[in-house]
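Note that these values count all heavy atoms, side chains included, but never hydrogens, waters or copies made by symmetry. Quantities reported herein were computed from a predicted structural model and do not represent experimental measurements. Starting from 1, each residue takes its place in the sequence as its number.
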Amino acid sequence: MTANRAPVKLLCDEMLARLGRYLRAAGHDAAIGTGGEHDRALLARAIAEDRMLLTCDRLMLARRGAAGRVMVLPHGLDAGARALSERLDIDWLAAPFTRCLVDNAKLRRATRAERARLPERARAAGGPVRACPDCGRLFWPGSHVKRMADRLARWQDSFGAPAAPRRRPRVR
């Protein structure tokens, strides 16, 4: 998001779960609906949590309460990211890898005991290790993070917020 606008809290339906994980990887507050969650329940959750509901389902726009609360995105990861960038000025490098990709919690620096649980290859690679305070998962800058960081940087360069300076994502 641009610096002069408050970040928008997002809720992705299950069709956009992958995009939701990339939003989390970029540092945005992005909840993801559970499989089979009814449209009415998703919209009620978006309203209750003050979130913008992201979906590919055009019929969602016809629901009561959807006006200004529902954004329909095209199918496909890159197409959805582009549309979201155009409509909300998403900064794909806002705060990379500071949220849990699984449950959206803000990550914290891993303790020594937590780092000791890492696989040997991950410990040998070095780099910051983050822990999720909610689910206990550990995150380190392995190949998966590098692939995601490359995609986030590509999105930012291609269609990210115009005011944002070009920079490579940094694992914090």
Report the C-alpha separation of D13 and D39 in whole Å, then their side-chain angles, then the decisive distance to 0.1 Å, and conclude whether the side chain to side chain contact (heavy atoms under 4.5 Å, CB included) test is met. CA-CA 9 Å; D13 69 5; D39 290 355; 6.0 Å; no

Passes salt bridge (charged side-chain N to carboxylate O under 4.0 Å, His left out), E114 versus R137? Steps please. CA-CA 9 Å; E114 289 168 327; R137 285 181 173 82; over 6 Å; no

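Between D134 and N104 the shortest side-chain heavy-atom distance does not fall below 4.5 Å. Counting heavy atoms from C-beta on, the side chains of L11 and L42 come closer than 4.5 Å. Residues M60 and V72 fail the side-chain proximity criterion, which asks for heavy atoms closer than 4.5 Å. Contact annotation: the side chain of R63 approaches that of R40 to within less than 4.5 Å [non-hydrogen atoms, C-beta and beyond]. With a 4.5 Å cut-off on side-chain heavy atoms, R109 and V129 do not count as touching. Contact annotation: the side chain of T98 never approaches that of K106 to less than 4.5 Å [non-hydrogen atoms, C-beta and beyond]. Proximity of P128 to P141: side-chain heavy atoms (C-beta onward) are separated by under 4.5 Å at one or more points. The shortest side-chain heavy-atom distance between C12 and L23 falls under the 4.5 Å cut-off.
Partners of F139 according to the ring-ring contact (aromatic ring centres under 6.0 Å, His included) rule, which considers only residues two or more places apart in sequence or in another chain, do not exist here. Under the rule for a side chain to side chain donor-acceptor pair (under 3.5 Å), E86 has no partner lying at least two apart in sequence or in another chain.
For F159 and W92, the ring centers sit 6.0 Å or farther from each other.
The nearest pair of heavy atoms linking I47 to G65 is CD1-O, 4.1 Å.
Geometric assessment of R130 against the ring of F97 yields a negative cation-pi assignment under the 6.0 Å and 45° thresholds.
Sequence neighbours left out, the pairs with a member in residues 41-60 that pass salt bridge (Lys or Arg N to Asp or Glu O under 4.0 Å) are D29-R51, R45-E49, E49-R51, D50-R69.
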